[in-house]
Amino acid sequence: MSETPGASQCYSGTTRFLHWLVAVAVIATFPIGTIMLLEGLARPTQDALFILHKNGGVVIFLLVLLRLAWRLRQPAPPFPDTMPRWQAGVAVAAHWALYGLLLVMTVSGYIRVRAGGFPVEMLDALGVPSMVPRSESLAETAKGIHATARLFLGALILVHVAAALHHLWRGDGIFARIWPPLGRGRS
Ligand code: HEM
Ligand code: HEM
């Protein structure tokens, strides 16, 4: 099954695949969310970016739920003994904070849209009810949470990537726990 030495200490194939799928989607969602709010953007372009952002965000939400369900079923591989305990503790806390912030971002975005009375095209086409009451004040609150959480999520992603690149540079095997997205190791 695991052809690479130490491969049993890496994340399962499903976890690795979902990690990189969500990573690419989230990294793309940031600039789309920022650009779509720019003044002077042509209306059709703005509409297309909004549709992409909202519906892509809903897909991210579903993928994060899937990741969490999978993660609860299958715990993370143990850290190598050589890793200081405090570093392992910080990594675990940062990972759960990433999951939490992804949920805050997607749910606040959804509430902002629904409370404001706007469509989420994909869900509307599937006949999924809004589940959020129309309310301008709720929409404003959710908008504020969305705008603030994006700063925390953006900062944490930068720290996370810096830590990952540091491990890659040190060659201590931590990066290989989550790479490659496809092939090799447990499923
Ligand atoms: C939006 C972008 C990203 C998000 C939200 C994210 C989220 C996460 C989460 C939640 C975990 C923990 C998995 C678990 O234990 O359940 C993780 C692990 C990991 N991520 Fe990311 N990630 C992102 C981008 C990246 C990028 C770009 C890199 C590399 C340059 C990277 C490298 C890693 C590595 C090496 C691990 C495994 C750490 C370990 O073995 O403990 N991530 N990521
Ligand atoms: C991880 C997923 C998401 C990320 C990273 C993200 C990121 C962003 C960013 C960076 C902005 C610009 C905020 C600003 O400049 O103030 C934004 C705005 C916005 N996002 Fe998201 N978003 C996500 C999910 C969603 C979802 C799921 C929805 C709705 C279904 C959504 C709806 C919106 C809306 C409507 C705005 C404009 C807010 C306003 O009225 O100013 N987002 N998002």
Side-chain angles (χ1 to χ4, degrees), residues 9-12 14-16 18-38 46 49-64 67-80 83 87-124 130 132 139-140 142-154 156-170 172-181:
Q9 296 298 306
C10 74
Y11 284 99
S12 71
T14 308
T15 304
R16 295 199 311 273
L18 286 174
H19 172 272
W20 291 104
L21 187 62
V22 171
V24 169
V26 170
I27 289 168
T29 303
F30 266 95
I32 294 172
T34 308
I35 293 167
M36 73 190 190
L37 295 176
L38 291 179
Q46 187 171 46
L49 291 177
F50 258 98
I51 291 174
L52 191 60
H53 185 83
K54 288 184 293 178
N55 294 279
V58 170
V59 173
I60 291 176
F61 173 72
L62 297 175
L63 287 172
V64 171
R67 270 197 78 170
L68 277 171
W70 196 263
R71 176 66 161 77
L72 295 175
R73 223 183 66 117
Q74 208 175 58
F79 286 107
M83 192 163 170
Q87 227 178 65
V90 170
V92 170
H95 292 163
W96 286 110
L98 281 167
Y99 283 126
L101 281 167
L102 287 175
L103 292 179
V104 171
M105 278 309 288
T106 48
V107 171
S108 63
Y110 181 81
I111 294 175
R112 191 266 172 272
V113 168
R114 289 308 205 186
F118 297 102
V120 178
E121 293 72 10
M122 190 179 73
L123 299 181
D124 294 342
S130 149
V132 177
E140 279 305 306
K143 178 176 160 178
I145 293 173
H146 200 66
T148 306
R150 110 199 115 123
L151 300 176
F152 284 99
L153 180 60
L156 194 53
I157 288 173
L158 288 181
V159 172
H160 178 68
V161 171
L165 294 180
H166 175 71
H167 285 297
L168 182 64
W169 177 69
R170 279 182 44 164
D172 58 9
I174 293 291
F175 190 80
R177 286 152 64 94
I178 203 85
W179 187 267

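Every number for a ligand or one of its atoms is a count from 1 in the order of the listing.
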**Complete:** For Phe175, the atoms of ligand 1 under 4.0 Å from one of its heavy atoms are 29 (C), 35 (C)
**Asked** Would you say ligand 2 has an N or O under 3.5 Å from any N or O of His53?
**Response** yes
**Asked** How does Tyr11 reach ligand 1, by side chain, by backbone, by both or by neither, if only non-hydrogen atoms under 4.0 Å count?
**Response** side chain
**Item:** ligand 1 contacted by Phe79 (non-hydrogen, < 4.0 Å)
**Value:** yes
**Request:** Considering only protein heavy atoms, determine whether one is less than 4.0 Å from atom 4 (C) of ligand 1.
**Result:** no
**Asked** Does at least one non-hydrogen atom of Arg67 fall below 4.0 angstrom from an atom of ligand 1?
**Response** yes
**Min heavy-atom dist Val161 to ligand 1 below 4.0 Å** = yes
**Check: Lys54 N/O within less than 3.5 Å of ligand 2 N/O** = no
**Prompt:** Side chain, backbone, both or neither: which part of His167 comes within less than 4.0 Å of ligand 1 when only heavy atoms are counted?
**Reply:** neither
**Message:** Any nitrogen or oxygen of Thr106 lying under 3.5 Å from a nitrogen or oxygen in ligand 2? Just yes or no.
**Reply:** no
**Request:** Answer side chain, backbone, both or neither: which part of Arg177 comes under 4.0 Å from ligand 1, heavy atoms only.
**Result:** side chain
**Item:** Ion pair Arg114/Asp124, N-O distance below 4.0 Å
**Value:** yes
**Request:** Show which atoms of ligand 2 fall inside a sub-4.0 Å distance from at least one heavy-atom site of Val113.
**Result:** 29 (C), 35 (C)
**Message:** Please classify the Trp20 to ligand 1 contact at 4.0 Å (heavy-atom distances, strictly less than): side chain, backbone, both or neither.
**Reply:** side chain
**Message:** Under 2.8 Å from atom 21 (Fe) of ligand 1 - does any N, O or S atom of His19 fall there?
**Reply:** yes
